[in-house]
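Input: a single structure, listed below in structure tokens.
Predicted, not measured: the structure shown is a model, and the values here were computed from it. First listed ligand is number 1; within each ligand, the first listed atom is number 1.
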Amino acid sequence: MVKFQCSIAINLVLLQCLLALVASQRFDFFYFVQQWPGSYCNTKQPCCYPTPAKPAADFGIHGLKPYYNNGSYPSNCDPNSPFNPSKISDLESSMQKNWPSLACPSNNGQAFWSHEWEKHGTCSKSVLDEHAYFKAALELKQKANLLQALKSAGITPGGSYSLKSIKHAITEAGGYTPWIECNKDSSGNYQLYQIYLCVDTSASKLIKCPVFPKGPCSSEIKFPSF
Ligand SMILES: *[C@@H]1O[C@H](CO)[C@@H](O)[C@H](O)[C@H]1NC(C)=O
């Protein structure tokens, strides 16, 4: 009887540990989303170059978003952790270059970063603080090197390519199948807008996507110049 009680006690402790672990994580993986500026700027919506300068013709970070395996996501997880630009001042020049905002009116990107941190970043706070969150995204961009991956397969801005060849080029370079989000240029043609890669909960390595988003596209798409 004593032994039985003991094992119940141990099980309760283990159960509590397990629950604490699950509760502290609260998400399953990240979508790391990068956008092609040429496809942001040639639609019916206006785009505005950031105040520092027109960004380079390269993919820019959109966000690093915690997701659940069922395809839904947590958001705005901690109103007590507002975006604090002074915490990432050492990353600012890299942020300007790699995570520019193309929203109007022209701005220095802080409103974009603030939105991403407060809506998405706060939901991965159990793993990454504000500085670690932005640093991880910058490092993932270097690692993924999408423009180079596409270029190696002969896919360059200004052409039209099969969706399949674009996915194949990125899979060859990074090891995992991406999801491609398309939007429409001002004439209504589908084009390469955003590329989604999946990343483990420590935001350090690419993984196979547990689930893909959904959205319309065509089998042949434009990769417009910028
Ligand atoms: C998806 O999973 C999360 C975490 O397990 C859960 O909180 C949420 O309710 C689920 N959403 C749907 C639509 O099933």
Would the Phe27 and Phe30 ring centres measure less than 6.0 Å apart? yes
Can you confirm whether the thiol sulfurs of Cys182 and Cys217 sit closer than 2.5 Å? yes
Parallel, tilted or perpendicular: rings of His115 and His120 (30°, 60°): perpendicular
Applying a heavy-atom distance cut-off of 4.0 Å, which protein residues contact ligand 1? Tyr68, Asn70, Ser72
Please check if the number of heavy atoms outside Gln45 that lie under 6.0 Å from its CD is greater than 12. no
Can you tell me how far apart NZ (Lys151) and CG (Leu146) are? Round to the nearest 0.5 Å. 14.0 Å
Once you measure the plane-to-plane angle for Tyr196 and Tyr31, does it fall in the parallel (<30°), tilted (30-60°) or perpendicular (>60°) bin? perpendicular
